[in-house]
Amino acid sequence: MCGIVGYIGGRTAWPIIVKGLQRLEYRGYDSAGVAVLNEGDLKLRKCRGKVSDLVQMVKGQDLSGAVGIGHTRWATHGEPNDVNAHPHVSMNGKFVVVHNGIIENYREIKAHLIEKGYTFKSQTDTEVFANFVESLYLSEKLTAEQAVKAALRRIIGAYGLGIICVDEPNALFAARKGSPLAIGLAEGEYFLASDATPIVEYTDQLIYLEDEQVAVLTRNGYNISNFNDDHVDPVITHVDFDVDNVDKGCYEHYMLKEIHEQPQSIADTMRGRVNPENHTINLGGIADAMPRLASARRIIVVACGTSFHAGLVGEYLFEQYARVPVEVEYASEFRYRNPIINDDDVIVAISQSGETADTLAAIRMAHERGALVLGVCNVVGSSIARETDSGIYTHAGPEIGVASTKAFTSQVVVLAMMAFAVGRRRGVLDEATYASLIDGLSNVPSLISQVLDSAAQIREVARAYQLAQNAIYLGRGYLYPVALEGALKLKEISYVHAEGYPAAEMKHGPIALIDNCMPVFVLATHDKFYDKIVNNIQEVKARKGQVIAIVTKGDSEISKMADYVIEIPVCQEALLPLVAVVPLQLISYYVAVMRGCNVDQPRNLAKSVTVE
Ligand code: F6R
């Protein structure tokens, strides 16, 4: 959720930290703050609002200092205001802390500190931690590192922490349990961040801190150990990351850039895996798990939000092409039920960020019950990628807009590759059908490019409905999950109430909502449901609803009854979700822009949901 950045080295820390926070703002944007230390002199600036508000606030001030930490917040404890913004300083000014996550036993620790005379300025659990470390440091005469570890051994919760101590200005401390932290290694300097994006501009050598590890970074070197002081030899990862990927380029918003990147991101997902020449699919990441996957009695997909919708498409794909029963579960529900997991079930966890707390907890629970867990993640080295037995990276590139777009299509591509490969292995798919599906997949990037060519026409459709208060999305079969996804996109970035429904369910309730003010987006392509969906459109029109139909190019029937049609190219039914979702992504984007909403940073949301 929140974003953490830290720096220690020979340069001025402030601009490095501020730039890093801007790259992490997708993680939270309620408030921002930075603390820098210059030979024991602490300068702390923080405010409610975005990093740009912080930059504006400090204009012209001297903020020199070569060690510092910064934070961009998504509020959990305490409303977003100047006081609750991080960093938090301990009562006697010894420790400064930035924190991502939740300290569950903070009330008990706070009560103990109050008894010892501590007072608190904010409502945050983070200030409690800062005071707790300080109280141990002062009362037990510990070093800063010992005090941090002593506190960590006693707190319960999930956290990524960046800490500085004014008495030890040549050190930056970091600790992780549950919330990601990456350390960038360079000559005489170190970078700390919640993910690699703020770091890759300076170095390609990274250490991803593991749970229950503490890093001490100084200008002379680094040391990583666990909470009990045992030294750890970390794995140094070489990241191959194009820094241009984290900029907006010529686009006004990341979301628009990411929608337009889909022909490329999908091609990247298939690269080295789908071979259209010899009609093979090679999934190296799950090669060892393939025998178990292919003989699974059941697949259980766990995911949240858009990734859950991708999982629903996967259900249709696996059931049709591999004949394996699939259940798709919200990770947040699954983890708290007492689900029946058999030895021959396989769990597939889908997550763009690889950090979603509920999905991670569902994986852990499935592991405890002996299941094989496969991951479909975008962020390389993320917690879910590391905790699954094996998996397939989507390789969609960094997704920075809070609304997920290219991650969804890449997840669906991964699930399609898996379903087709399993179907072939199980003998369900004959060679000709398999080859034709592979040809279809290879052709998807070009079909999406054709949809993107009609962006200007789609913008005009959005203009017609920009003031709508509600919307309904209808689809059937493979396009039912797309209806859900279209509605989610509209509500999260435009704040327009929207519902997705299987089209035939409309008459069991939602039809009561239809009147001449209700836009109804209908996915009505040429597939086996075509005649039925035409009937559904007529039912809406008979009640004076406004119909915007996504149709197959050349359709002449629906244009006679719909208010607007958006054409998409001819495509195999199983791959339609990949193409049909694109106009819905664009509609949401344009409606949000026309309503003056902050598309990349919608209110109340954060990209990576690392708390329950
Ligand atoms: C919607 C969106 C969210 C995420 C959800 C899961 O546009 O982005 O619904 O899909 O929070 O996130 P990941 O995929 O990172 O686990």
Side-chain angles (χ1 to χ4, degrees), residues 1 3 26-28 74 178-180 194-195 197 253-256 258-259 262 265 301-314 328-335 347-363 373 375-388 391-394 396-412 414-415 473 481-482 484-496 498 500 581-582 584-589 592 597-612:
M1 308 295 277
Y26 70 88
R27 300 176 69 90
W74 187 85
S179 297
S194 300
D195 70 32
T197 49
H253 297 100
Y254 282 112
M255 182 181 177
L256 188 61
E258 288 156 8
I259 292 172
Q262 289 176 108
S265 51
V301 175
V302 290
C304 302
T306 288
S307 299
F308 174 85
H309 297 155
L312 289 177
V313 178
V328 188
E329 303 270 1
Y330 284 114
S332 53
E333 287 297 315
F334 183 75
R335 64 179 287 197
I347 311 288
V348 177
I350 308 175
S351 175
Q352 186 287 128
S353 63
E355 302 294 347
T356 301
D358 284 320
T359 311
L360 200 50
I363 290 172
V373 186
V376 177
C377 292
N378 194 36
V379 177
V380 175
S382 55
S383 303
I384 294 176
R386 284 184 291 123
E387 291 204 23
T388 40
I392 302 177
Y393 281 119
T394 46
E399 189 180 67
I400 296 183
V402 164
S404 190
T405 52
K406 64 175 180 171
F408 172 79
T409 45
S410 284
Q411 289 164 344
V412 171
V414 167
L415 294 167
Y473 287 71
V482 176
L484 297 179
E485 177 59 8
L488 176 62
K489 287 288 89 89
L490 189 71
K491 59 188 143 192
E492 69 182 325
I493 59 167
S494 314
Y495 319 139
V496 174
V581 76
V582 178
L584 302 187
Q585 295 169 340
L586 284 168
I587 296 259
S588 313
Y589 170 77
C597 300
N598 186 337
V599 173
D600 284 332
Q601 295 170 345
R603 70 183 180 206
N604 306 338
L605 291 176
K607 183 81 185 151
S608 171
V609 186
T610 54
V611 293
E612 266 193 75

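Order of appearance sets the numbers: ligands from 1, and atoms from 1 within every ligand.
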Trainee: Distance under 4.0 Å to a non-hydrogen atom of Ser307: what atoms of ligand 1 satisfy this?
Mentor: 10 (O), 13 (P), 14 (O)
Trainee: How close does the nearest protein non-hydrogen atom get to atom 7 (O) of ligand 1, and which residue and atom is it?
Mentor: Glu492 OE2, 2.6 Å
Trainee: Heavy atoms, side chains only, cut-off 4.5 Å: are Leu584 and Val482 in contact?
Mentor: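 Yes, at least one pair of side-chain atoms sits under 4.5 Å.
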Trainee: Run down the list Ile493, Ile350, Thr356 and name the one with the heavy atom closest to atom 12 (O) of ligand 1.
Mentor: Thr356
Trainee: Is the closest side-chain heavy-atom distance between Ile363 and Ile347 below 4.5 Å?
Mentor: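 In short, these two side chains do not touch, never coming nearer than 4.5 Å.
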Trainee: Would you indicate whether the side-chain heavy atoms of Ile350 and Leu415 approach each other to under 4.5 Å?
Mentor: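 A side-chain contact under 4.5 Å exists here.
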Trainee: Give the residue and atom name of whichever protein heavy atom lies nearest to atom 6 (C) of ligand 1, and the separation in Å to one decimal.
Mentor: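 Residue, atom and distance for the closest contact: Cys304 O, 3.4 Å.
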Trainee: Side chains of Glu485 and Thr306: any donor to acceptor distance under 3.5 Å?
Mentor: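 Yes - a donor-acceptor pair under 3.5 Å links their side chains.
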Trainee: Any side-chain donor paired with an acceptor under 3.5 Å for Gln352 and Ser404?
Mentor: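 Not at all, the side chains of Gln352 and Ser404 share no donor-acceptor pair under 3.5 Å.
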Trainee: Under 3.5 Å, is there a donor-acceptor pair between the Gln262 and Thr405 side chains?
Mentor: no
Trainee: Taking only heavy atoms of Gly305 into account, list the atoms of ligand 1 that are under 4.0 Å away from them.
Mentor: 9 (O), 10 (O)
Trainee: Counting from 1, what ligand 1 atoms have a heavy atom of Ser351 closer than 4.0 Å?
Mentor: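 In order of number, 13 (P), 14 (O), 15 (O), 16 (O).
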Trainee: Does ligand 1 have a heavy atom under 4.0 Å from the side chain of Val402, from its backbone, from both, or from neither?
Mentor: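 Within the 4.0 Å criterion, Val402 contacts ligand 1 through backbone atoms alone.
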Trainee: Among all the protein's non-hydrogen atoms, which is closest to atom 11 (O) of ligand 1, and how far away is it?
Mentor: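 The closest one turns out to be Val609 CG2, 4.0 Å.
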Trainee: Could you check whether any side-chain heavy atom of His309 comes within less than 4.5 Å of a side-chain heavy atom of Leu488, counting everything from C-beta outward?
Mentor: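 Touching, per the 4.5 Å side-chain cut-off.
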Trainee: N/O to N/O below 3.5 Å, does that happen between Gln352 and ligand 1?
Mentor: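 Gln352 vs ligand 1: N/O contact under 3.5 Å present.
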Trainee: Measure the shortest side-chain to side-chain distance between Cys597 and Ile493 over non-hydrogen atoms and say whether it is less than 4.5 angstrom.
Mentor: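 With C-beta onward as the side chain, the pair stays apart.
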Trainee: Could you tell me how the ring of Tyr330 sits relative to the ring of Phe308: parallel (under 30°), tilted (30 to 60°) or perpendicular (over 60°)?
Mentor: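 The rings of Tyr330 and Phe308 lie parallel, inter-plane angle below 30°.
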Trainee: Just distances here: any N/O of Lys489 and N/O of ligand 1 closer than 3.5 Å?
Mentor: yes
Trainee: Which heavy atom of the protein is the closest neighbour of atom 10 (O) of ligand 1, given with residue, atom name and distance?
Mentor: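 Of every protein heavy atom, Thr306 N, 3.0 Å lies nearest to atom 10 (O) of ligand 1.
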Trainee: If the contact criterion is a heavy-atom separation under 4.0 Å, does Thr405 count as touching ligand 1?
Mentor: no
Trainee: Need the ligand 1 atom indices (1-based, order shown) with element for anything under 4.0 Å from a heavy-atom of Ala403.
Mentor: 7 (O)
